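We name chains A, B, ... by the order of the sequence lines, and we start the count at 1 in each one. Treat the numbers as computed from the prediction; the structure is a model and nothing was measured.
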Amino acid sequence: AQTVTQSQPEMSVQEAETVTLSCTYDTSESDYYLFWYKQPPSRQMILVIRQEAYKQQNATENRFSVNFQKAAKSFSLKISDSQLGDAAMYFCASGGYNKLIFGAGTRLAVHP
Amino acid sequence: ETGVTQTPRHLVMGMTNKKSLKCEQHLGHNAMYWYKQSAKKPLELMFVYSLEERVENNSVPSRFSPECPNSSHLFLHLHTLQPEDSALYLCASSQNSGGGREQFFGPGTRLTVL
């Protein structure tokens, strides 16, 4: 069975600092993608960043970057220069066509 | 309208009521999904439709009945629900050809079953 584990239910960071959210996954698929989604208090889930498993280069989107360790099945999200608007639930997800498996989420608080 | 829309945003219903949730995607995608989000639990995939055919049903109780009349619309028909069905119901869509595969989510319907 495919599983995604986020071991940090809650994290906090000071504004302008850097924080890393952890994610591990287990999949039997050879062709899969990994995603980080953000769900602010308004509840609209939005995509933060995605990584194709066949690519070795870590994905980067502005202040967001990932550390993808395929052998270890690890996919962490680094948020640099944290902003108040980054406060949200963050979900890690793994999957292929027609199916994504989500982790339980990490609630990130950003302190001014 | 852009993206994925859901109506209603909030719904309160009794256990004997029948109601429907509606989802519409304006992204030209060919797959749509229903998820259930409960407090402190991972998102639970309920139904997947690809090219308007149901391809996955994750052992969801029959009191939830999906309908996908075309690639842009998805419904979730509800009847004789239980209080434990109270949750946020999220709809998503994706384009399952070529690259990407990311799912785009609607704002959700907050359902309360009394």
Side-chain angles (χ1 to χ4, degrees), chain A residues 1-10 21 23-27 29-55 57 59 61 64 66 75 77 88-107, chain B residues 1-6 8-10 23 25 27 29-59 68 71 87-111:
Chain A
Q2 296 183 61
T3 59
V4 176
T5 302
Q6 295 179 249
S7 58
Q8 307 152 315
E10 296 182 350
L21 308 184
C23 174
T24 58
Y25 64 93
D26 192 11
T27 180
E29 297 193 34
S30 58
D31 182 20
Y32 60 93
Y33 285 63
L34 297 162
F35 304 91
W36 278 98
Y37 281 88
K38 170 185 177 181
Q39 190 178 37
S42 65
R43 297 287 188 175
Q44 185 100 31
M45 188 95 73
I46 57 175
L47 179 69
V48 174
I49 197 167
R50 71 171 182 144
Q51 173 82 41
E52 294 91 335
Y54 63 86
K55 289 188 177 178
Q57 186 173 6
E61 287 287 341
F64 300 87
V66 299
F75 183 61
L77 174 69
M89 282 290 289
Y90 287 82
F91 294 95
C92 177
S94 165
Y97 286 116
N98 292 334
K99 190 168 188 174
L100 282 183
I101 303 299
F102 285 82
T106 296
R107 183 174 302 280
Chain B
E1 293 276 14
T2 58
V4 181
T5 57
Q6 290 185 244
R9 295 293 306 275
H10 300 273
C23 175
Q25 60 95 0
L27 301 169
H29 290 166
N30 59 11
M32 297 187 76
Y33 312 77
W34 279 117
Y35 288 90
K36 176 183 179 182
Q37 187 177 28
S38 305
K40 299 183 179 180
K41 292 176 69 175
L43 268 71
E44 300 173 54
L45 178 64
M46 300 176 71
F47 300 103
V48 180
Y49 278 83
S50 180
L51 299 172
E52 302 159 39
E53 288 190 14
R54 189 160 72 189
V55 298
E56 182 144 354
N57 170 359
N58 281 353
S59 302
C68 187
S71 60
L88 183 70
Y89 289 84
L90 294 171
C91 174
S93 70
S94 68
Q95 183 61 27
N96 285 344
S97 60
R101 306 185 198 178
E102 57 260 41
Q103 294 181 16
F104 293 79
F105 285 82
T109 295
R110 170 66 64 188
L111 174 66

Q. CD of B/Gln6 to CD of A/Gln44: how many Å apart, nearest 0.5 Å?
A. 8.0 Å
**Q.** Criterion side-chain contact (heavy atoms from CB on, under 4.5 Å) on B/Leu90 and A/Gln39, from CA distance to verdict
**A.** CA-CA 12 Å; B/Leu90 294 171; A/Gln39 190 178 37; 4.2 Å; yes
Q.
Test of understanding: with side-chain hydrogen bond (donor to acceptor under 3.5 Å, both in side chains), list the residues that count as partners of B/Tyr49, not counting sequence neighbours.
A. none
Q: Let me know if A/Leu47 has heavy atoms under 4.5 Å from chain B in its side chain, its backbone, both or neither.
A: side chain
Q.
Suppose we screen for ring-ring contact (aromatic ring centres under 6.0 Å, His included). Which residues come up paired with B/Tyr35, at least two apart in sequence or across chains?
A. A/Phe102, B/Phe105
Q) In this structure, are over 12 heavy atoms from other groups packed under 6.0 Å from B/Arg54 atom CZ? A) yes
Q: For A/Tyr37 and B/Glu102, run side-chain contact (heavy atoms from CB on, under 4.5 Å): C-alpha distance rounded to whole Å, both residues' side-chain angles, the deciding distance at 0.1 Å, then the answer.
A: CA-CA 10 Å; A/Tyr37 281 88; B/Glu102 57 260 41; 3.9 Å; yes
